[in-house]
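The structure appears below as structure tokens.
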Amino acid sequence: VVAAQTWSAYREVRSAAEMQALERLRRLGAQLAASTRTALTQRGALERRVASDAAVLAFLLAPTDSDRAREALQALRQLTPPRDSVTIAELWAARGSRLLTTAPHLPPETGEALALAARMRDDSARFGRFYRSRDSTFFWSGAPVRRGTATLGYVLERRKLAGDSAAERRVRDLIGSDVRLYFTSERSEFWNAITGMPA
């Protein structure tokens with residue numbers, strides 16, 4: 001009888017603790033989604049502004065003109081903050097070739113960039129999957145360059161997944177320091193800690 005009552009009480013306490021933990025995770029997910037949405041919305045607005053820049057459109061219409069290339073590259077540099085050696089902004093033709101880049105010393109990441117461009121042709125997707133390069137996780141985002149209904153090319157941006165110290169503090173406050181939180185992107189095989197480090 002004592003064993004049965006003890007087991008029953010344990011199950012009730014455990015169930016209540018699991019429900020509390022689940023509720024904390026739900027709250028955390030909502031907070032992280034809200035902060036991420038704000039940051040990505042602002043970044044997306046900048047990408048769309050660069051994609052609609054007159055210099056970018058003019059270059060896509062005359063890609064052999066060196067003056068237009070220089071002006072379009074200047075527009076692309078709006079996406080790469082000073083002293084940021086990781087973010088790369090590129091202009092790709094609709095047919096799948098890299099025309100301009102803010103990092104000419106790096107070879108084109110054709111697979112990831114073209115996968116995102118292909119998705120943008122079919123729907124409103126703006127983000128590629130997470131992928132690994134050395135000890136970091138990256139992803140591509142971007143916006144199509146359009147003239148009327150025709151897509152002439154894509155402004156693409158490679159970004160490194162970085163940690164958010166404020167989010168990390170919120171995680172600790174909500175679920176404790178002994179719990180680890182990981183996340184991934186759709187169709188990605190890689191997971192990352194909340195700090196942005198590959199897991």
Side-chain angles (χ1 to χ4, degrees), residues 35-164 184-190 192 196 198:
S35 64
T36 301
R37 186 180 305 113
T38 300
L40 293 179
T41 299
Q42 291 170 350
R43 197 67 189 179
L46 178 58
E47 289 169 351
R48 287 190 299 277
R49 191 166 72 231
V50 171
S52 62
D53 190 291
V56 171
L57 181 60
F59 172 71
L60 283 172
L61 294 172
T64 56
D65 187 319
S66 59
D67 290 333
R68 289 185 177 184
R70 200 167 25 258
E71 291 169 5
L73 189 57
Q74 193 61 34
L76 281 179
R77 287 200 175 102
Q78 296 175 60
L79 297 170
T80 56
R83 298 182 302 278
D84 180 349
S85 61
V86 178
T87 302
I88 299 171
E90 298 186 340
L91 181 60
W92 286 69
R95 65 184 177 280
S97 58
R98 183 176 79 172
L99 301 174
L100 293 174
T101 179
T102 58
H105 58 286
L106 296 177
E109 292 184 7
T110 308
E112 298 299 333
L114 289 181
L116 176 58
R119 287 188 67 213
M120 283 195 282
R121 274 195 295 274
D122 298 332
D123 59 34
S124 59
R126 283 192 40 245
F127 302 98
R129 67 184 184 102
F130 292 159
Y131 69 97
R132 295 271 166 83
S133 180
R134 296 189 181 91
D135 61 347
S136 299
T137 301
F138 296 91
F139 68 97
W140 285 85
S141 63
V145 180
R146 292 199 171 99
R147 185 185 190 200
T149 58
T151 299
L152 301 182
Y154 302 94
V155 167
L156 300 179
E157 177 183 16
R158 187 195 77 170
R159 299 177 63 195
K160 181 180 177 181
L161 192 63
D164 181 343
T184 189
S185 63
E186 289 181 324
R187 298 171 315 281
S188 176
E189 59 195 84
F190 299 113
N192 305 272

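Sequential numbering from 1 along the given sequence is applied to the chain's residues. Please read these numbers as outputs of a predicted model, since none were measured by experiment.
- Considering only residues two or more places apart in sequence or on other chains, Thr151 meets the side chain to side chain donor-acceptor pair (under 3.5 Å) condition with Arg146.
- Contacts classified as side chain to side chain donor-acceptor pair (under 3.5 Å) and involving residues 57-69 (residues at least two apart or in different chains) are given here: Asp67-Arg70.
- Here the closest non-hydrogen pair linking Ala55 and Ala72 is O-CB, 3.7 Å.
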Self-check item: Stepwise side-chain contact (heavy atoms from CB on, under 4.5 Å) check, Gln78 with Val155
Solution: CA-CA 12 Å; Gln78 296 175 60; Val155 167; over 6 Å; no

Quiz item: What do the steps show when you test Phe138 against Val86 for side-chain contact (heavy atoms from CB on, under 4.5 Å), and what is the final call?
Solution: CA-CA 10 Å; Phe138 296 91; Val86 178; 3.5 Å; yes

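- Residue pairs that meet the salt bridge (Lys or Arg N to Asp or Glu O under 4.0 Å) test with at least one member in residues 83-93, sequence neighbours left out, are Glu90-Arg98.
- The heavy-atom pair separating Arg159 from Ser141 by the smallest distance is CD-OG, 4.2 Å.
- Thr102 and Thr87 make their closest contact through OG1-O, 4.4 Å (heavy atoms, listed as atom of the first residue, atom of the second, distance).
- Applying the salt bridge (Lys or Arg N to Asp or Glu O under 4.0 Å) definition to pairs two or more places apart or across chains, those involving residues 99-116 are Glu109-Arg158, Glu112-Arg129.
- Annotation: side chain of Leu91 is in contact with side chain of Leu60 (closest heavy-atom distance under 4.5 Å).
- For the salt bridge (Lys or Arg N to Asp or Glu O under 4.0 Å) condition, the pairs that include at least one residue of residues 46-61, sequence neighbours left out, are Glu47-Arg126.
- Between Leu114 and Tyr154 the shortest side-chain heavy-atom distance does not fall below 4.5 Å.
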Practice problem: Could you walk me through whether Ile88 and Thr80 pass side-chain contact (heavy atoms from CB on, under 4.5 Å), step by step? | Solution: CA-CA 7 Å; Ile88 299 171; Thr80 56; 5.8 Å; no

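- Separating the CG atom in Leu99 from the CG atom in Leu73 is a distance of 11.5 Å, to the nearest 0.5 Å.
- Closest approach of Thr110 to Trp92, counting heavy atoms only: CA-CH2, 3.9 Å.
- In this structure the side chain of Thr101 never reaches within 4.5 angstrom of the side chain of Leu106, judged on heavy atoms.
- Listed by first and then second residue, the salt bridge (Lys or Arg N to Asp or Glu O under 4.0 Å) pairs involving residues 147-157 are Arg43-Glu157 (not counting sequence neighbours).
- Closest of all the heavy-atom pairs between Phe130 and Phe139 is CD2-CB, 3.8 Å.
- Across every non-hydrogen atom of Pro198 and Thr137, the tightest pair is CG-OG1, 3.6 Å.
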Quiz prompt | side-chain contact (heavy atoms from CB on, under 4.5 Å) between Leu61 and Leu152, worked out | solution = CA-CA 8 Å; Leu61 294 172; Leu152 301 182; 3.9 Å; yes

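- In this structure, Leu100 CG and Gln74 CD are separated by 12.0 Å, a value rounded to the nearest 0.5 Å.
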